[in-house]
2 protein chains.
Amino acid sequence: MSSGSDSGTGGARRRPVTLRDVALAAGVSVATASKALNDQGRMTAETRTRIQDTARQLGFRPNGLAQSLLRRRSFTVGLLTNDTYGRFSLPVMAGISEALVDNGVSVFLCNVEDDPRLGQLHVDAMLDKRVDGIIATGKRVDRHLPVDLAGLGLPVIYAFTQPDPGSIAFVSDDEGGARLAVEHLARLGRRRIAHVTGPETFAVVHQRARAHADVLAEQGLDPMPALMGPWSEAWGHEAIARLFDGTGEAPDAVFCGNDQIARGVIDALRERSVRVPDDVAVVGFDNWEIVARASRPPLTTVDMNLVALGREAGLTLLSLVDGTRVEPGIRKLPCRLMVRESCGQPPGG
Amino acid sequence: MSSGSDSGTGGARRRPVTLRDVALAAGVSVATASKALNDQGRMTAETRTRIQDTARQLGFRPNGLAQSLLRRRSFTVGLLTNDTYGRFSLPVMAGISEALVDNGVSVFLCNVEDDPRLGQLHVDAMLDKRVDGIIATGKRVDRHLPVDLAGLGLPVIYAFTQPDPGSIAFVSDDEGGARLAVEHLARLGRRRIAHVTGPETFAVVHQRARAHADVLAEQGLDPMPALMGPWSEAWGHEAIARLFDGTGEAPDAVFCGNDQIARGVIDALRERSVRVPDDVAVVGFDNWEIVARASRPPLTTVDMNLVALGREAGLTLLSLVDGTRVEPGIRKLPCRLMVRESCGQPPGG
DNA sequence: CTGAACTGAGAAAAGGTTTTCTCAAGTTGC
DNA sequence: GCAACTTGAGAAAACCTTTTCTCAGTTCAG
């Protein structure tokens, strides 16, 4: 405002005002100026406010680089991910970023794209810039990032990606989430709950399938198959064809491995005039709102609480940076069932 | 490797090795050590390689904070966005990040969520950390971020969001993109090309609608309506109902304002047994792959080249930081038509 | 053999801040 | 009136690197 109309499109930048400038203007030494601005040391109240006023007037901001150099702490962390576009790491990153920024810590975005060269490039850059710690996140819980973060001499936290052994990680409780879904269906009186899910190469597929089978057994329900295929709408379609055109009795509920599959399932059911939720209830996984909300009817689905997971990871990194000892290991954070309309009401409801 | 098996889960961090350590170990002064490692100054080849070997052996990395302090350049920029989750700013951010990282510049991720308080927090943090410049990006071309970036004394670039007056901005050429789509349809022999698009509160809606009308006129085709509504699948459904249940002649092509609408349009057409592309061709906008690929048939759609846009913005910021003078103004970057199967083949093809 | 040019390397300043140490002046207690 | 504190403030070191300046010793031309 007060500095005129520099359009800022290039050319000479004005030199930032330093503590020396403030001290000079206030007629004191830099030491005194520093103490005045940090509410430290001893001096007359008059001197202190005079210096503070001068600083404000000059628009003084302490140079964070100099502070970091001295404090051996940059208030900066690196966020390593191989999934910038992805809908999993995004909420995680948002949660991390939120937790850190609230604590005055800035976040370097480092997209490594499954490329070891890029990974090393980013890690080197972070090391050079003296980040206080690193958070690694990815698109799959069971895949490593293309870099080795152990032995860097820095605190490292893993969120939603496979950790180095002996480190600290936060992941979602997929068994728990799957239980939530299947128990919900059982509670609503569904007896034949099928499972349509992703490729068997994914660890979570097996975790969720096991929970599905376990809950059926616990509830005294007949075992039902877990159909594995791609994570796509098309596979949802095809799975419905298999389930309804086969010889066995058709299901009255489908627990899907993700929301895209669920969307395909719902569309396929509608195309064969099977009513959702009246004839068949459907539950998804991920709570990918744009998909879950657009399906007809809106999809009841498991939310992995990824933002909370990220926040937790961020806060844990901060306490690590502060020197707190944190027990290594993998922490599973609970999921949450997002109830919409694809399961209907319980018989008595 | 050589430093043993510190699990890195907390406790004392080892002090990074400094130039002083290297100099001491090599039996020279820090000045000489610095010059040796930067291939500067004069000394025997023997001395130089000895120092370099020592540095390597000790795992020395120059402290970027100290270098930045001296060079008055932090090799760091801030990326301000109000759309961390979003599918528009993400590719832009990826492009920016890519361009910058390749030039040794790290990126602070600053999500401001349309919250002025958060915006100020982030801007202050960036200023404190002495970023070399700022890139602002957002989810809408016609909406300002909740912070004022003018008069910061820093280079600023806007990407896919409304710039301050007199500044430098990169946006997609929406008219051009829309022309691409409608001309494609016309070239394929479609004569009645309707337009179903987003709310009239969006500037891009009007730009694309104008291009639609213009191309129809240029091609000597009858004017067709531009139906405006929400950016949703549901609106795509409803628009088809209006177009086909109304009194007028039904369209033989629909140019949609985004891929979700297009998806709704395609689903609605299938439900009324109108064949796509045989009876009606459909074009979307955004090339949101997850939607465009999942629709049946896969959607031909306009790609705004957002990654390239981001890359361009990043490179421009760098030249600004280097002191190059860049003409202020808004640069429109061309779109690209992503041809899939929702428009079929030209009559002669 | 002497002044000039060159060589290899170190000393010191700079960058901006924080913190500890020092010190002169003023105040209290006896 | 003097020792012992207290007060307000500055000097200087520290953080780590880069760069300019300085300097002793060597080589060369004349």
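Order of the sequence lines sets the chain letters (A, B, ...), proteins ahead of strands, with each chain counted from 1.
A heavy-atom distance below 4.0 Å to DNA chain D is reached by these residues of residues 64-72 of chain B, ordered by number: B/A66, B/Q67, B/L70. Against DNA chain C, the stretch residues 36-60 of chain A makes heavy-atom approaches under 4.0 Å through A/N38, A/Q40, A/F60.
Remark: the B/K129 side chain and the A/S106 side chain contain an N/O donor-acceptor pair separated by less than 3.5 Å. With 3.5 Å as the limit, one finds a donor-acceptor pair spanning the side chains of B/N111 and B/E113. Checked by atom type, the side-chain pair B/D53/B/Q57 shows no donor-acceptor distance below 3.5 Å.
B/D148 places a side-chain N or O within 3.5 Å of a backbone atom of B/A150 that can act as its donor or acceptor partner. A/K35 contributes no side-chain N or O that, together with a main-chain N or O of A/M43, makes up a donor-acceptor pair within less than 3.5 Å. A donor-acceptor pair is defined here as one N or O able to donate and one able to accept, closer than 3.5 Å; such a pair exists between the side chain of A/D21 and the backbone of A/T18.
Ion pairing between a basic and an acidic side chain is recognised when a charged N comes within 4.0 Å of a carboxylate O; A/R140 and A/D83 show no such pairing. Taking 4.0 Å as the cut-off between side-chain N and carboxylate O, A/D114 and A/R143 do not count as a salt-bridged pair.
Residues B/S29 and A/S34 each lie close to DNA chain C; by heavy-atom proximity, the contact nearer the 5' end of the strand is made by B/S29. Each of B/P16 and A/V30 was assigned the nucleotide of DNA chain D with the nearest heavy atom; the assignment lying further toward the 5' end belongs to A/V30.
Considering A/L149, A/I135, A/L320, A/L317 in turn, A/L149 is the only one that fulfils the side-chain contact (heavy atoms from CB on, under 4.5 Å) rule with A/V156.
The side-chain hydrogen bond (donor to acceptor under 3.5 Å, both in side chains) check on B/Q52 picks up nothing, with sequence neighbours excluded.
One end of the helix from C/dC1-D/dG30 to C/dC30-D/dG1 points its axis 60° away from the other end's axis, with each axis taken from 5 pairs and the angle rounded to 10°.
Chain B approaches DNA chain C over the interval C/dT7 to C/dG16, counting the first and last nucleotide 5' to 3' with an atom under 4.0 Å from its heavy atoms.
Inter-residue side-chain proximity for B/V112 and B/T81 is flagged as unmet; no heavy-atom pair is nearer than 4.5 Å. For the pair B/D132/B/V105, no side-chain contact is recorded, criterion being any heavy-atom separation below 4.5 Å from C-beta on.
For residues 90-127 of chain A, the ring pair (Phe, Tyr, Trp, His ring centres under 6.0 Å) pairs, not counting sequence neighbours, are A/F108-B/F108.
Counting any heavy atom pair closer than 4.0 Å across all strands shown, A/T18 reaches sugar-phosphate atoms only and no base atom.
Going from atom CZ of B/R20 over to atom P of D/dC15 covers 7 Å, rounded to whole Å.
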